[in-house]
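Lettering of chains follows the sequences in order, A, B, ..., and the numbering in each one begins at 1. As a basis for the values below, the full set of heavy atoms in this structure was taken, side chains included, without hydrogen atoms, waters or symmetry mates.
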Number of protein chains: 2
Amino acid sequence: MPGPHRWRKRFEGHICRWTMPREAILDLLSRTTKHLSAKEIYANLLQIYPGIGLTTIYRTLDLLEKTGMIKKFNFRQGENRYEFAGEQRPHHHHLICTSCGKIIDYSDFAEEELELVEKSAKQLAEKYKFLVQDHNIEFYGLCQQCQKD
Amino acid sequence: MPGPHRWRKRFEGHICRWTMPREAILDLLSRTTKHLSAKEIYANLLQIYPGIGLTTIYRTLDLLEKTGMIKKFNFRQGENRYEFAGEQRPHHHHLICTSCGKIIDYSDFAEEELELVEKSAKQLAEKYKFLVQDHNIEFYGLCQQCQKD
DNA sequence: CTGATAATGATAATCATTTTCAATAATAAT
DNA sequence: ATTATTATTGAAAATGATTATCATTATCAG
Ligand SMILES: [Mn+2]
Ligand SMILES: [Mn+2]
Ligand SMILES: [Zn+2]
Ligand SMILES: [Zn+2]
């Protein structure tokens with residue numbers, strides 16, 4: 001279902017109005033596998049949507065995150081980064097190069113990981129009475145290129 | 001070995017001069033199990049060390065992190081937090097309450113976790129040629145108190 | 001088509017962190 | 001111990017990401 005209202009139905013119940021910036025931002029994120037910052041999204045959209053405001057980018061990203069359509073990450077870099085989180089995209093974690101900032105998705109070990117995470121969630125609930133809602137696993141190090149330099 | 005030079009030898013080779021702010025900051029962190037922000041450290045030290053500057057706190061924290069004596073965390077809160085990382089403190093991960101910000105250390109599952117992490121590091125090195133140097137695992141959710149509210 | 005009002009975008013404000021730079025203090029040299 | 005060297009400090013200003021304000025605009029129910 002292409003067109004300006006592709007994502008609209010995903011929103012019903014969450015917000016009132018479907019607008020151009022919302023479509024554009026979600027569309028951009030859905031088309032890339034990159035982890036974009038607000039400013040990168042802004043720079044990208046300025047070309048096809050001159051006049052869009054950085055403020056709106058931030059607001060919309062918050063909104064999309066709350067509805068669960070995108071995910072927000074802080075990779076120890078100055079700015080937060082966002083990625084699309086549709087069901088097409090498998091659950092995964094990240095490798096972050098501390099030298100050049102490159103981010104690699106990986107979904108290896110999904111099974112062992114899920115096992116550990118679920119076991120952990122259960123036991124942490126018992127021991128600390130903590131209700132686990134989300135988890136984050138990341139590896140920091142050097143990418144292939146940066147190991148050479 | 002108490003006294004103003006308790007931590008001094010840990011620094012040799014890393015920095016030139018051992019100073020009061022450095023001792024004070026490291027001492028504070030070594031005495032608490034909390035995860036303090038720069039501003040919290042500043043507020044704490046002002047009492048015993050009037051005149052200390054927030055700038056120095058930031059600089060010293062950077063320095064201590066580089067030597068590996070403390071660890072820096074971003075828990076999706078506005079500010080970074082720091083904790084002491086001596087050998088007395090076991091390797092552990094965190095539960096973060098998204099409602100009140102409470103942070104709980106846990107070191108359960110250490111064995112399974114270590115196993116998974118090491119296996120992952122090895123395979124990620126092969127598949128992505130990525131050199132893993134550090135990892136981070138965290139669970140987000142609600143603490144006991146916040147589940148009631 | 002029209003009105004109510006949610007959403008936008010320019011601007012200013014905030015907040016954590018970093019930079020600058022003159023003054024100070026830790027250490028090496030005397 | 002005294003002095004000289006220069007790393008370190010702290011006040012102030014700068015930065016950079018994000019958020020708040022508010023008048024204007026655009027969506028959409030009626
Ligand atoms: Mn990803
Ligand atoms: Mn901890
Ligand atoms: Zn790299
Ligand atoms: Zn809580």
[X] [atom1] - [N] [atom2] separation (whole Å):
X       : N      : atom1 : atom2 : answer
B:Gln77 : C:dT17 : CD    : C1'   : 17 Å
A:Glu23 : D:dC28 : CD    : P     : 12 Å
B:Tyr82 : C:dA16 : OH    : P     : 12 Å
A:Met20 : D:dT25 : CE    : P     : 15 Å
B:Trp18 : D:dT9  : CH2   : P     : 10 Å
A:Leu63 : C:dA6  : CG    : C1'   : 12 Å

Could you check which residues of residues 28-52 of chain B get a heavy atom under 4.0 Å from DNA chain C? Sort them by number, please. B:Lys39

Pair listing, salt bridge (Lys or Arg N to Asp or Glu O under 4.0 Å) test, anchored in [range], at least two apart:
range                       : result
residues 137-149 of chain B : none
residues 25-39 of chain B   : B:Arg6-B:Asp27, B:Asp27-B:Arg31
residues 65-81 of chain B   : A:Asp134-B:Arg76, B:Glu40-B:Arg81, B:Lys71-B:Asp134, B:Glu79-B:Arg81

Side-chain donor/acceptor contact of A:Arg17 with base of C:dT5 under 3.5 Å: yes

On DNA chain C, compare the nucleotides closest to A:Pro21 and B:Arg81; which residue's is nearer the 5' end? A:Pro21

What pairs of residues pass the ring pair (Phe, Tyr, Trp, His ring centres under 6.0 Å) test when at least one of them lies in residues 45-75 of chain B, not counting sequence neighbours? B:Phe73-B:Phe75, B:Phe73-B:His94, B:Phe75-B:His94

Within the sub-3.5 Å range, which N or O atoms of nucleotides 28-30 of chain C have a protein N or O partner, and how far apart are they?
none

Taking salt bridge (Lys or Arg N to Asp or Glu O under 4.0 Å) as the test, write out the residues that go with A:Lys119, two or more places apart. B:Glu112

So, using salt bridge (Lys or Arg N to Asp or Glu O under 4.0 Å) as the criterion, who are the partners of A:Asp62 when residues are at least two apart? none

So, do B:Ile41 and B:Leu61 sit near enough that their side-chain heavy atoms are less than 4.5 Å apart? yes

If you look at every strand shown and take non-hydrogen atoms under 4.0 Å, does A:Thr19 touch a base, only sugar-phosphate, or nothing? sugar-phosphate

Test of understanding: clusters of I, L, V, M, F, W, Y form through side-chain heavy atoms closer than 4.5 Å, transitively. Do B:Leu131 and A:Ile103 belong to the same one? no

Keeping the roles fixed (side chain from B:Arg89, backbone from B:Ser30), state whether a donor-acceptor pair exists under 3.5 Å. yes

Linking Ile, Leu, Val, Met, Phe, Trp and Tyr by side-chain heavy atoms under 4.5 Å, what else ends up with B:Leu95? A:Leu95, A:Ile104, A:Tyr106, A:Phe109, A:Leu116, A:Val117, A:Leu124, A:Tyr128, A:Phe130, A:Val132, A:Ile137, A:Phe139, B:Ile104, B:Tyr106, B:Phe109, B:Leu116, B:Val117, B:Leu124, B:Tyr128, B:Phe130, B:Val132, B:Ile137, B:Phe139

How does the hydrophobic cluster around B:Leu114 look, that is, which other residues are in it when side-chain heavy atoms under 4.5 Å mark a link? none

Any side-chain N or O of B:Asn80 below 4.0 angstrom from OP1/OP2 of C:dT17? yes

Check this one for me: any side-chain N or O of A:Arg22 less than 4.0 Å away from OP1 or OP2 of C:dT8? yes

Polar contact flag, side-chain donor to acceptor under 3.5 angstrom, A:His92-A:Glu83: yes

If you compare all heavy atoms of A:Ile52 against all heavy atoms of A:Pro21, which two are closest, and at what distance to 0.1 Å? CD1-CB, 4.1 Å

End-to-end axis angle, where each axis spans five pairs of the helix from C:dC1-D:dG30 to C:dT30-D:dA1, to 10°: 40°

Where do B:Tyr140 and B:Ile96 land on the side-chain contact (heavy atoms from CB on, under 4.5 Å) test, with the steps shown first? CA-CA 5 Å; B:Tyr140 288 88; B:Ile96 302 109; 3.8 Å; yes

Atom pairs under 3.5 Å, N or O on each side, protein against nucleotides 19-23 of chain D: can you list them with distances?
| residue | atom | partner | partner atom | Å |
| --- | --- | --- | --- | --- |
| D:dA20 | N6 | A:Thr55 | OG1 | 3.4 |

